[in-house]
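Below you'll find the structure, written out as structure tokens, and then a few comments.
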Amino acid sequence: MRGREDSEAVAEYDPQMIEAKWQKRWEEQRAFEADTESARSKYYLLEMLPYPSGTLHMGHMRNYTIGDAVARYKRMRGFNVLHPMGWDAFGLPAENAAIKHGTDPHVWTSRNIAEFKRALRRFGFSYDWRREISTCDPEYYGWNQWFFLRMLEKGLAYRKLSRVNWCPECATVLANEQVVNGYCWRHEDTQVEAKEIEQWFLKITQYADALLDDMAQLEGGWPERVLVMQRNWIGKSYGAKVRFAVAAASGGAGAEGDAIEVFTTRIDTIYGASAVILAPEHPLIPKLVAGVAGRGAIEAQLARLRQKIVRPIELATAEKEGIFIGRFAINPFSGASLPIWVANFVVMEYGSGAVMCVPAHDQRDFEFAEKYRLPKPIVVQPVSGQPLTPATLDAPYTDYGRLVNSGPYSGLSSEQAIERMTADAKAKGFGEPHTTYRLRDWGISRQRYWGTPIPVLYCERCGLVPVPDEQLPVLLPPNVRITGMGQSPLANVPEFVNTTCARCGGPARRETDTMDTFIDSSWYFYRYTDPHNSRAPFDFETVRYWFPIDQYVGGIVHAILHLLYSRFFCKVMRDLGLVDHSEPVKRLFNQGTVLKGGTAMSKSTGNIVAGEDMARQYGCDTGRLYTLFAAPPEKDLEWSEQGIEGCSRFLHRLFRLFARHAERLRGVAVGNPRPAELASATEKEKALLRKAHQTLRRITHDFEARWHFNTSVALIMELANELQSKEPLEQDASPGVVKEVLELLTLMLAPMAPHLAEELWEMLGHAGGLVAAPWPQFQEQLAKEEQIEVVIQINGRVRGKMLVEPGLGEEELYGRAVTDPRIAQLIASQRVVKKIVVRDKLVNVVVG
RNA sequence: GCCCGGGUGGCGGAAUGGCAGACGCUGGGGACUUAAAAUCCCUUGCCCCGAUCGGGGCGUGUGGGUUCGACUCCCACCCCGGGCACCA
């Protein structure tokens with residue numbers, strides 16, 4: 001409790017009162033509503049939409065505080081700022097709650113949204129709430145279905161039986177992107193299993209090259225590491241396909257005339273191949289082993305190998321294991337007969353499911369050959385250094401070099417050989433250039449309830465029938481029993497499943513799988529521009545006005561999943577003629593994680609500081625200031641109760657500073673002295689104006705170029721300290737100048753602690769709101785130092801300092817430095833070897 | 001293994017070729033108070049010399065280099081964090 005006995009005590013900073021007051025005011029003013037207009041430049045600022053978990057914690061808060069500071073700054077700079085917010089509302093937690101407590105996902109989710117939104121509004125972020133969207137709203141997910149149908153028409157959505165990643169905990173399929181080292185991305189200790197299921201896929205691979213090439217547009221605007229991660233994920237690799245003919249078997253086995261197709265990026269090493277190795281699921285294997293002697297034993301071992309690969313986690317670390325299956329293949333270049341092996345390290349999903357084994361020039365092949373005593377012929381020699389010999393080869397040589405023992409290709413460089421051998425393979429018909437990708441098509445079927453129903457029917461007569469557009473949205477039926485067991489919950493709802501064929505009117509079944517929720521977040525930012533459009537997902541012209549997103553702010557977790565899918569969707573939309581651009585996001589910023597006790601703040605671990613608790617105790621401006629101050633935005637931030645106390649103290653101090661002077665300054669006109677008047681200004685006035693404008697220059701730079709808001713906050717603190725150190729301000733400083741400096745401080749504080757800034761602005765006598773105030777104009781003249789401290793060094797060590805007027809010539813500076821008595825004394829008996837003079841900075845006298 | 005990012009006081013961090021440690025936290029001392037809280041003032045990298053004013057040395061993970069001058073640039077290494085990983 002703060003005592004109020006002292007009758008002279010000035011008003012105290014009351015964040016609760018101030019924050020409620022200004023939030024109400026902003027709402028009445030519709031201060032953050034943005035509409036398409038041509039008069040001003042637009043600025044689309046977006047933060048990643050949250051999953052409404054019910055509790056807003058400091059991790060969320062940091063994300064939105066950074067975004068809000070920039071949004072408010074850009075508004076002050078005169079931009080027409082679009083700053084929306086919505087809910088990524090579909091997903092497993094709602095369903096899990098239904099399984100656990102029997103709550104309806106609709107009810108559970110809307111309750112959480114209400115809760116989260118209330119917490120969010122408590123922070124006064126400058127969102128245009130009219131544009132709020134929720135992905136579980138039929139008005140939204142109906143357009144997911146609409147996009148799906150467009151993709152189906154274009155052949156971009158298709159269905160196939162495929163081996164999928166199955167999480168037993170989620171009881172659903174996961175996309176490749178959702179598997180982390182063989183474990184579920186949501187359940188860190190649940191291993192993903194392999195399962196064969198009919199799935200819907202989106203042909204993201206068709207856009208692999210576009211996704212790669214268009215990254216050129218993102219260079220500079222996106223963090224390099226995100227681009228690297230996406231590039232790796234797409235995993236484009238140039239090479240060649242080469243077919244090895246299967247040699248006739250002695251025991252009358254099959255597959256003669258068949259060839260094993262191998263993908264390699266190093267065709268130049270092909271003369272060094274000592275085996276051909278197949279993936280355990282390779283389709284040719286049964287035929288190959290059909291009549292081989294000892295077939296029973298081989299098949300038993302094969303079965304064991306196949307067992308192993310069920311667990312992808314073991315793939316990375318597992319020992320290489322293989323079996324020779326008793327057959328041979330012919331190296332088309334050398335004519336050599338190579339044993340055919342099956343091994344666990346060759347994966348069917350990549351390349352052609354078969355490799356040539358070149359032990360001397362590949363790490364894996366080397367290890368494999370060591371274990372199974374395969375020969376290691378050397379066919380590439382390093383260009384310089386010791387030549388390789390079989391005796392000394394204790395590691396593979398994997399770099400490019402010069403070919404040896406390679407028939408007609410010996411003597412060529414690897415680069416030349418790759419080109420020529422690929423061409424020759426093509427000419428002779430046993431190979432051709434080939435590019436392969438690591439990227440797989442995006443499996444989007446989920447055997448779950450709380451997602452977008454996939455809008456297709458299965459008719460006994462017509463087969464697969466898309467739901468016609470006019471029947472969209474296909475609504476999620478209410479009151480579905482969710483057990484988490486077995487197939488999609490929708491399959492148990494007869495009134496949903498049983499329908500009539502849109503084509504023939506006969507009986508049909510609905511698809512019961514729902515879409516991956518990453519579909520929802522792949523295009524939501526377009527909907528913000530036109531959130532209530534009932535005829536189209538959005539209006540072309542409106543999107544054209546607002547897009548691309550000028551700045552996107554969010555966590556690094558989404559570097560691949562969300563951001564790659566979004567880029568893919570954008571390209572599909574472009575090809576559908578819905579948008580006129582290829583990349584949705586111009587600039588991306590990944591803020592660091594908020595930690596508590598060294599680990600990330602997250603709902604799932606319960607390791608959180610609730611935003612509302614913090615706001616209740618200190619006020620949200622304090623929280624904002626702290627999250628901006630405690631670390632540069634891209635770095636992780638450790639939550640510190642003492643740190644936030646410090647920020648709270650600062651804002652109270654700032655308030656008192658203003659409260660002391662506001663009364664007498666209210667009616668005063670701002671004194672913004674012109675150069676002529678500056679001459680007659682007092683030292684104190686000049687010092688205050690100088691500090692204020694130096695601060696303005698640096699904070700503007702922080703917002704425009706650096707995004708280091710921690711230093712912006714520090715600068716505001718410095719300016720406040722300067723003012724405080726010049727108390728009493730009414731002495732030797734005109735009210736006009738003091739007011740000018742206080743106003744500058746307020747304007748600069750506005751993006752970071754907006755409620756308090758508004759209050760201070762009002763205290764200074766302004767009727768109009770600060771949200772609409774323009775960012776102040778920096779004045780070089782006022783920021784300029786009259787005297788600069790120049791360092792005097794002798795042999796690079798600081799030995800003295802002097803005050804000089806700025807812009808002094810080098811001769812003059814040096815002259816003054818060496819006449820400094822102390823310096824003169826120190827160099828008296830020495831010979832000056834070199835004179836270094838940096839204007840306005842230092843003089844370095846090198847003596848020897 | 002490969003590819004990024006990072007290593008600065010007791011702590012978060014500042015300084016991107018020119019006075020290392022801005023700003024904040026913590027600690028210490030003082031003022032106010034009956035007392036405490038709050039607030040305000042001083043102080044706070046380490047070591048040494050000096051009676052005080054003051055002066056000197058060391059110091060940005062380690063070792064080398066470039067430079068009049070290096071936290072900053074270059075080379076090598078160590079450690080921490082992240083991403084990718086039998087990808088042929």
Side-chain angles (χ1 to χ4, degrees), chain A residues 1-3 9 12 180-181 223-233 235-237 239-240 262-267 269 277 279 309 314-320 343-347 349-358 362-365 367-368 398 436-439 556 559-560 593 625-626 629-632 634-647 649-650 652-653 656 708 710-721 724-725 727 789-801 822 833-838 840-848:
Chain A
M1 284 291 149
R2 283 190 179 86
E12 262 297 329
V180 183
N181 284 332
E224 190 53 38
R225 61 176 172 154
V226 174
L227 297 179
V228 167
M229 280 161 80
Q230 293 208 355
R231 217 170 268 131
N232 289 342
W233 189 262
K236 184 172 188 175
S237 131
V262 154
F263 175 72
T264 178
T265 55
R266 292 297 302 274
I267 196 171
T269 65
I277 310 179
I309 54 142
E314 288 169 5
L315 241 150
T317 48
E319 170 130 2
K320 292 180 177 40
N344 61 349
F345 70 89
V346 180
V347 295
E349 287 78 19
Y350 188 80
S352 56
V355 299
M356 61 183 196
C357 175
V358 185
D362 181 277
Q363 183 64 40
R364 278 168 337 204
D365 296 346
E367 288 168 28
F368 190 71
T398 58
T436 185
Y437 299 85
R438 210 182 75 111
L439 184 70
I556 185 74
I560 298 175
T593 315
L625 199 75
Y626 174 72
F629 178 60
E634 74 279 3
K635 282 187 66 170
D636 288 353
L637 183 157
E638 175 69 38
W639 187 255
S640 150
E641 211 53 41
Q642 279 157 350
I644 197 160
E645 292 274 359
C647 287
R649 256 199 301 272
F650 170 70
H652 276 96
R653 195 150 53 88
R656 285 193 300 270
H708 272 198
N710 54 327
T711 56
S712 307
V713 176
L715 286 162
I716 300 253
M717 288 174 170
E718 278 190 58
L719 180 56
N721 291 347
Q724 195 157 336
S725 75
E727 290 277 25
E789 195 179 55
V790 167
V791 171
I792 309 168
Q793 297 181 331
I794 296 172
N795 288 348
R797 311 195 72 106
V798 180
R799 287 291 180 263
K801 288 164 188 181
R822 195 173 124 72
V833 180
K834 199 165 182 178
K835 307 168 184 176
I836 310 284
V837 181
V838 182
D840 296 349
K841 285 239 167 93
L842 89 162
V843 174
N844 186 9
V845 186
V846 186
V847 294

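The structure presented is a predicted model; accordingly, all values stated were derived computationally and were not measured.
B/G6 and B/U60 are spaced 14 Å apart, taking the C1' atom of each and rounding to whole Å. Rounded to whole Å, the separation between the C1' atoms of B/U72 and B/G7 comes to 14 Å. Separating the P atom of B/C47 from that of B/C11 is a span of 15 Å, rounded to the nearest Å. For the P atoms, the distance from B/A14 to B/U8 is 12 Å, rounded to whole Å. With C1' as the reference atom, B/G10 and B/G45 are 10 Å apart, rounded to whole Å. On the C1' atoms, B/C4 is 15 Å away from B/A85, given to the nearest whole Å. Straight-line distance between the C1' atoms of B/A20 and B/G13: roughly 13 Å, to the nearest whole Å. The separation of B/C53 from B/G59, taken at their P atoms, amounts to 25 Å, rounded to a whole angstrom.
In this structure, A/E224 CD and A/R231 CZ are separated by 6.0 Å, a value rounded to the nearest 0.5 Å. From A/N232, atom CG reaches atom CZ of A/R225 across 13.5 Å, with rounding to the nearest 0.5 Å. Going from atom CZ of A/F650 over to atom CG of A/N721 covers 7.0 Å, rounded to the nearest 0.5 Å. To the nearest 0.5 Å, atom CG of residue A/N710 and atom OH of residue A/Y626 are 12.0 Å apart.
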Could you write nucleotides 16-23 of chain B as a row of B, S and -, 5' to 3', where a protein heavy atom under 4.0 Å of any base atom gives B, of only sugar-phosphate atoms gives S, and otherwise -? --BB--BB

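Along RNA chain B, the nucleotide nearest to A/A631 and the one nearest to A/S640 differ in position, and the one closer to the 5' end is contacted by A/A631. Along RNA chain B, the nucleotide closest to A/P632 and the one closest to A/Q642 are compared, and the more 5′ of them pairs with A/P632.
When the side-chain nitrogen and oxygen atoms of A/R797 are compared with OP1 and OP2 of B/C58, one or more of them lie within a distance under 4.0 Å.
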Check the interface with nucleotides 39-48 of chain B: list each N/O to N/O pair with the protein under 3.5 Å, or write none.
{"unit_1": "B/U39", "atom_1": "O3'", "unit_2": "A/R656", "atom_2": "NH2", "d": "3.3"}

So which protein N/O to nucleotides 2-7 of chain B N/O distances come out below 3.5 Å?
none

What N/O pairs connect the protein and nucleotides 29-32 of chain B at under 3.5 Å? Give each pair on its own line.
none

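Across all strands shown, the partner of B/C73 is B/G65, judged by Watson-Crick or G-U wobble contacts whose two distances both fall under 3.5 Å. In this entry B/C23 has B/G12 as its Watson-Crick or G-U wobble partner, both defining distances falling under 3.5 Å. The partner of B/C40 is B/G30, judged by Watson-Crick or G-U wobble contacts that both fall below 3.5 Å. Using the Watson-Crick or G-U wobble rule with both distances under 3.5 Å, B/C84 pairs with B/G1. Pairing for B/C58 is with B/G45, a Watson-Crick or G-U wobble pair whose two hydrogen-bonding atom distances lie under 3.5 Å. For B/G50, there is no paired nucleotide, since no Watson-Crick or G-U wobble pair has both relevant distances below 3.5 Å.
A/T269 is listed as a side-chain neighbour of A/M356, based on a closest heavy-atom distance under 4.5 Å. Residues A/E718 and A/L715 are in side-chain contact: their nearest non-hydrogen atoms beyond the backbone lie under 4.5 Å apart. Inter-residue side-chain proximity for A/E349 and A/R438 is flagged as unmet; no heavy-atom pair is nearer than 4.5 Å.
Residue A/M356 contributes atom CE, which lies 9 Å from atom C1' of B/A88 at whole-angstrom precision. Atom CG of A/N344 is separated from atom C1' of B/C87 by 15 Å (rounded to the nearest Å). What separates OH of A/Y626 from P of B/G12 is a distance of 11 Å, to the nearest Å. Between A/L637 atom CG and B/G13 atom P there is a gap of 8 Å when expressed in whole angstrom units. Between A/E367 atom CD and B/G1 atom P there is a gap of 12 Å when expressed in whole angstrom units.
Among the protein residues, A/G235 comes within range of no part of the nucleic acid, since none of its heavy atoms lies under 4.0 Å from any strand. Residue contacts shown for A/E638 are absent, as no nucleic acid heavy atom lies under 4.0 Å away. Contacts of A/T264 with the nucleic acid, taken as non-hydrogen atoms under 4.0 Å apart, involve only primed sugar atoms and P, OP1 or OP2. Counting any heavy atom pair closer than 4.0 Å across all strands shown, A/V355 reaches a base atom.
With sequence neighbours excluded, the residues forming a ring pair (Phe, Tyr, Trp, His ring centres under 6.0 Å) with A/F368 are A/W341, A/F345, A/Y372, listed by chain and number. Looking at residues two or more places apart in sequence or on another chain, you find no side chain to side chain donor-acceptor pair (under 3.5 Å) involving A/T264.
Under a cut-off of 6.0 angstrom, the local environment of NZ in A/K236 is crowded, with over 12 non-hydrogen atoms contributed by other residues, nucleotides or ligands.
Closest contact between the side chain of A/R822 and the listed nucleotides B/C84, B/A88, B/G55 involves B/G55. Candidate nucleotides B/C86, B/A88, B/C25 were compared by shortest atom distance to the side chain of A/S237, and B/A88 ranks first.
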